[in-house]
Amino acid sequence: MRRIFPILSSLVISAFMLAAVTSAQDIVDRITALHGTTMGTTYMVKIFDASDLLRDNIAVDIDAELRAVNDQMSTYLKSSEVSRFNASDSTDWFGVSDETALVVDYAMEVSEKTNGAFDITVGPLVNLWSFGPEPRSRALPSETEISARLQQVGYQNIEVRRDPAAIRKSIPNLQIDLSAIAKGHGVDRIVELLRQRGAENVFVEIGGEVRVTGDKAGEPWMVGIQQPDSESNALLVRYPIADSAMATSGDYRNRFQVDGKYYSHTIDPRTGRPITHGLASVTVLAENCMQADAWATAIDVLGPEQGLAAAQANGLDVLLATRRGETFELSATGKLRSVKKASEVRSRTSEVNKTKAGKVSNLIPILVITLIAFAVVLAAMAVGVMFGRRPISGSCGGLAGTTNDDGTTRCALCSNPVDGCKELRERMSAGQKNE
Ligand code: ADP
Ligand code: MG
């Protein structure tokens, strides 16, 4: 029994460690991941515990759904509903899909709530600043050009009808650009597609806009919030989300530089120019990704003060990173206040905000539990030895096994060997003689 105990405890500890590692690996193995490109960026879909039925053809169906979004809302595709609407100078109702009407309707709601900071009629200005499909060099536009394009802009010049789905412009040269909201809507469409196929635990991301449902065997899906300006994709923080969406807009994401000055693809429709305030990034947590995407852009246009006020007034969960010299000042509302606190603690302790660091920290609980298990087993063994007043197995060999002429042991630690030791030594020396 004495010998079995340490073996048994080692086995228990090994089994425990193996179980911890295997369960982490098991979660990874149970995820079906699909990647691709869409809307000028990449997408990623992860399904936890996808059934075989779901796995069959799902990649093809996801691509088809994303193509359908493009066919409706792309400004790069000449045949899309939006491109055809933009090319038309009719001020009559223009029939569109239910989805396009839904997206335009929500865009109008955000425009009204932000007094036009978010405005899908900003397209002509986006083109003028070389961020749209119109071919242009990155030369800065003139004052006259900006004023001319501003005449084409204004969400008040557009109307939307849900049934039958249609949109209408009140000025013939009005154009719409759904780039600030279509990716989020695309994410929602894929989540809906997967849900219809019976998937309960999914993670869908298009160009950084994310929505998740369920979890991974009790483990939440994690979303990384990127450190603005980071060349190495370093993360500000990793945040667990459940049954919700997260989108980020930032002035550092798509910009060009002229004479040392950056020009971002986020345009303030009130000035006709790219934003110039110090708000580097805006992250919004919402129930669906269309909302998160639209609000992230809207608050990005509004800037740190007005943006924070709009987030509070509309009960949004928002994290803002504002440039302060070489560093960023974080401000947050609602649930994302916890992210602000977490990243402040991280920066105080100078932790490296990288995904790898996150992975190592995931192992810390396993290591702590293993160490505790070791300590408990060692303590139990020590207590056993103390109360049993027995020599530790094996101490009858070595020095303790050699004797002086008078028969006493040469080992000072074993000066008073118990009967068991004497017996064993006699048996050992009898065995040696027999050889
Ligand atoms: P990202 O594509 O990096 O996620 P956004 O969601 O913020 O960024 O979308 C940026 C795009 O939105 C721009 O490229 C432009 O087409 C469009 N856009 C720019 N300014 C505005 C605005 N004020 N309101 C609505 N859409 C805008
Ligand atoms: Mg957006």
Side-chain angles (χ1 to χ4, degrees), residues 27 31 33-34 41 43-50 62 65-66 69 99 102-103 105-107 109-110 113 118 180-226 235-250 281-300 307-308 310-321 330-343 355 358:
I27 288 180
I31 293 175
L34 303 141
T41 182
Y43 74 81
M44 183 192 292
V45 174
K46 293 180 189 171
I47 311 164
F48 184 71
D49 269 354
I62 288 171
E65 190 68 24
L66 292 171
V69 178
E99 291 86 355
L102 165 91
V103 171
D105 200 20
Y106 191 71
E109 191 181 321
V110 180
K113 287 180 172 162
F118 184 83
I181 187 171
K183 271 190 295 187
H185 168 72
V187 169
D188 290 338
R189 295 262 287 262
I190 301 304
V191 168
E192 195 47 44
L193 170 77
L194 295 168
R195 215 186 241 160
Q196 279 168 8
R197 298 293 189 80
E200 286 168 8
N201 306 299
V202 304
F203 172 105
V204 179
E205 179 256 334
I206 303 179
E209 326 297 30
V210 179
R211 180 166 169 190
V212 312
T213 63
D215 54 33
K216 302 166 283 172
E219 288 275 315
W221 294 103
M222 300 295 287
V223 183
I225 302 177
Q226 207 179 323
L235 297 182
L236 203 57
V237 79
R238 291 176 86 235
Y239 186 74
I241 65 170
D243 297 315
S244 46
M246 193 181 260
T248 298
S249 283
S281 96
V282 181
T283 299
V284 178
L285 182 69
E287 68 184 63
N288 69 48
C289 207
M290 173 180 75
Q291 295 176 1
D293 195 4
W295 274 106
T297 307
I299 292 171
D300 199 18
L308 202 61
Q312 275 154 351
N314 290 283
L316 302 170
D317 302 315
V318 164
L319 179 75
L320 309 183
L330 298 182
S331 38
T333 62
K335 291 180 192 145
L336 292 180
R337 281 203 193 106
S338 62
V339 174
K340 176 178 177 283
K341 281 199 196 105
S343 61
T355 324

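Just so you know, these numbers come straight off a predicted model, no measurement behind them.
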Atom OG1 of T333 and atom CG of D317: how far apart are they, to the nearest 0.5 Å? 6.0 Å
Heavy atoms only: give me the nearest E200-T213 pair and the separation to one decimal. O-OG1, 2.7 Å
Can you confirm whether L336 sits close enough to Y239 that some side-chain heavy atom of one is under 4.5 Å from a side-chain heavy atom of the other? yes
Any chance you could measure L320, atom CG, to I299, atom CD1, to the nearest 0.5 Å? 6.5 Å
So, taking the atom named CZ in R189 and the one named CD1 in I206, what distance separates them when rounded to the nearest 0.5 Å? 10.0 Å
Just say parallel, tilted or perpendicular for the rings of F48 and W221, cut-offs at 30° and 60°. perpendicular
Do D293 side-chain atoms and C289 backbone N/O form a donor-acceptor pair below 3.5 Å? no
Measuring from atom CE of M246 to atom NZ of K335, what distance do you get when rounded to the nearest 0.5 angstrom? 10.0 Å
Could you check whether any side-chain heavy atom of T283 comes within less than 4.5 Å of a side-chain heavy atom of L236, counting everything from C-beta outward? no
Working to the nearest 0.5 angstrom, can you tell me the gap between R211 CZ and D243 CG? 8.5 Å
Is the side chain of S244 donor-acceptor paired with the backbone N or O of A242 at a distance under 3.5 Å, no angle test? yes
Here the pair of heavy atoms bringing V69 nearest to A182 is CG1-O, 4.3 Å
For L330 and A321, work out which heavy atoms get closest and say how close. CD2-CB, 3.8 Å
Using atom types as modelled and distance alone, determine if a side-chain donor or acceptor of N288 lies under 3.5 Å from a backbone N or O of M290. yes
Nearest non-hydrogen partners of F203 and M222, listed with the distance: CE1-O, 3.8 Å
Inspect the contact between E192 and R195 and indicate whether a charged nitrogen and a carboxylate oxygen are less than 4.0 angstrom apart. yes
Note, V45 side chain near V202 side chain (heavy atom, < 4.5 Å): no
Looking only at heavy atoms, what is the nearest atom pair of V187 and E205, with distance? CG2-C, 4.4 Å
Would you say N201 and K216 make side-chain contact, with heavy atoms under 4.5 Å? no
Of all heavy-atom pairs linking Q226 and L235, the shortest is CA-CD2, 4.1 Å
Do the side chains of I62 and Y43 get nearer than 4.5 Å, heavy atoms only? yes
Are any of the side-chain heavy atoms of L66 and I190 separated by less than 4.5 Å? yes
Tell me, do V110 and I181 make a side-chain contact under 4.5 Å, heavy atoms counted? no
Looking at CG of L319 and CG of L308, how far apart are the two atoms once the value is rounded to the nearest 0.5 Å? 10.5 Å
